[in-house]
Protein chains: 2
Amino acid sequence: MIIRLDMQSDVPIYTQLMNQIIEGIASKQLAPGEYLPSVRSLASDIGVNLHTVNKAYTLLKQEGFIQIHRQKGVVVNPDGMPGITPDYQHKQEAQLRPVIAEAICRGMDKTELLRIVESFYDEITQEPKENA
Amino acid sequence: MIIRLDMQSDVPIYTQLMNQIIEGIASKQLAPGEYLPSVRSLASDIGVNLHTVNKAYTLLKQEGFIQIHRQKGVVVNPDGMPGITPDYQHKQEAQLRPVIAEAICRGMDKTELLRIVESFYDEITQEPKENA
DNA sequence: CATCTGTTATATTCGTTGTATAACAGATGT
DNA sequence: ACATCTGTTATACAACGAATATAACAGATG
């Protein structure tokens, strides 16, 4: 999978990494059971420190997206993804409300907003386009 | 309008302030032309520093949600809200994609996600419930 | 036994967040 | 005139987070 980082972004690198891996799983470019690069090789590939990658992996593990095996490496959780927990629902609400509120302020129609969300949903689930 | 701050949150205070004012406008608890408390009085009300409120106000002004008049105070933009600019669309995509991707990972159905977005949209536009 | 894996421990640099004072400049009300 | 309100600006400081840089440890593998 191709990782794109924006070093100018105010979004932390480890967060960008987490987001891209999660989107990779959502788009089935990464399948459960599939191995991810080691912290050291990924770090050197994308030109960041080992600890930055390790932080992303550790957080993804805590949330249940991946498993980390001591001397075998990092693997997309073969037991499936975490479900819709109450904690997750709260996090999702905290993320969605401000976005929706701003859309309303700017005069975005409800159907228009839903259309946008739907199109992103489709865009993500339709990829595995791996080859660009 | 009632401001609720979570001092334990990892979301910066000035961001929480911006979000709540934007949601206040979206829910019509705050109308265009309406005056907001001065930086000093709001800061003392919610128990934070003057500069923290000032930062929120300054950013809201830069984005066009409010106007700041030198010696008269801060007012919700009476000329209307900012529209759907390309910059805004990019920001919105950057905010939405990770949320949608995680929802997909966790097995959230498209119609379920749309239902959630719609219910938040309705919840915000249906308030002015001011009295709790 | 060298080499790979994740893990842990320090230390350092840098930017952001939030606070704390202080002062300035213009408008308003008495 | 004068006190008082407004936003604004300038510093300084403490605390934290992000990212880097080394180094070392522990277990598995070839």
Side-chain angles (χ1 to χ4, degrees), chain A residues 3-21 30 33-78 91 94 98, chain B residues 3-21 30 33-79 91 94-95 98:
Chain A
I3 301 284
R4 285 184 193 79
L5 291 185
D6 179 0
M7 303 308 254
Q8 311 310 318
S9 169
D10 56 335
V11 180
I13 297 176
Y14 73 88
T15 304
Q16 294 184 47
L17 264 175
M18 292 178 66
N19 287 340
Q20 295 205 25
I21 291 172
L30 296 176
E34 189 171 343
Y35 271 80
L36 298 178
S38 75
V39 286
R40 285 181 181 82
S41 72
L42 180 52
S44 104
D45 276 6
I46 59 185
V48 300
N49 191 274
L50 167 162
H51 296 296
T52 306
V53 176
N54 193 52
K55 183 166 185 179
Y57 278 177
T58 303
L59 289 170
L60 285 171
K61 170 191 162 197
Q62 279 175 18
E63 299 183 15
F65 292 99
I66 63 177
Q67 288 180 356
I68 302 182
H69 298 106
R70 252 271 179 194
Q71 269 69 22
K72 294 195 292 180
V74 178
V75 63
V76 179
N77 197 333
K91 190 185 78 171
Chain B
I3 301 284
R4 286 185 193 77
L5 291 185
D6 179 0
M7 303 310 255
Q8 312 310 320
S9 169
D10 55 336
V11 180
I13 298 177
Y14 73 88
T15 303
Q16 294 185 46
L17 264 176
M18 292 178 67
N19 286 342
Q20 295 204 24
I21 290 170
L30 295 176
E34 188 171 343
Y35 271 80
L36 297 178
S38 76
V39 286
R40 285 179 180 84
S41 73
L42 180 53
S44 105
D45 275 6
I46 60 184
V48 302
N49 190 273
L50 166 162
H51 295 296
T52 306
V53 176
N54 193 52
K55 183 167 185 177
Y57 278 177
T58 301
L59 289 170
L60 285 171
K61 170 192 161 196
Q62 278 176 21
E63 297 183 15
F65 292 99
I66 63 177
Q67 288 179 357
I68 303 183
H69 298 107
R70 252 269 177 194
Q71 269 68 24
K72 295 197 292 182
V74 178
V75 63
V76 178
N77 197 332
D79 305 334
K91 191 186 78 172
Q95 289 173 322

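Just so we're on the same page: letters track the sequence lines, and every chain starts at 1. Remember, predicted model here, so these are calculated numbers, not experimental data.
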Quick one: list whatever passes side chain to side chain contact (heavy atoms under 4.5 Å, CB included) with [X], sequence neighbours left out.
X	answer
B:D10	none
B:S41	B:P37, B:S38
B:Q71	none
B:T52	B:I13, B:Y14, B:V48, B:N49

Exercise. Does any residue of residues 37-46 of chain B have a heavy atom under 4.0 Å from DNA chain D, and if so, which ones, in number order?
Worked result: B:S38, B:V39, B:R40

Problem set entry | Strand-adjacent residues in residues 52-59 of chain A, judged by heavy atoms under 4.0 Å from DNA chain C | A:N54

For this session: Grab the stems for DNA chain D, please: at least three consecutive Watson-Crick or wobble pairs, both distances below 3.5 Å, written as range with range.
Result: C:1-30 with D:1-30

For this session: For A:K91, enumerate each residue passing the side-chain hydrogen bond (donor to acceptor under 3.5 Å, both in side chains) test, keeping only those at least two apart in sequence or located in another chain.
Result: B:E102

Seminar exercise, completed: Nearest heavy-atom contact between A:Q8 and A:D6 is N-OD1, 2.9 Å

Problem set entry | Distance, rounded to the nearest Å, where B:N49 contributes CG and D:dA15 contributes P | 16 Å

Problem set entry | d(CE, B:M7; P, D:dC16) in whole Å | 14 Å

For this session: Would you state whether a donor and an acceptor, one from the side chain of A:H51 and one from the base of D:dA18, lie under 3.5 Å apart?
Result: no

Exercise. Hey, where on DNA chain C does chain B first and last touch, going 5' to 3'? Cut-off is any atom under 4.0 Å from a heavy atom.
Worked result: C:dT17 to C:dA27

Side-chain donor-acceptor pairs under 3.5 Å in residues 61-70 of chain A, sequence neighbours left out?
from, atom 1, to, atom 2, distance (Å)
A:Q67, OE1, A:H69, NE2, 3.4
A:Q67, NE2, A:N77, OD1, 3.3
A:Q67, NE2, A:D79, OD2, 3.2

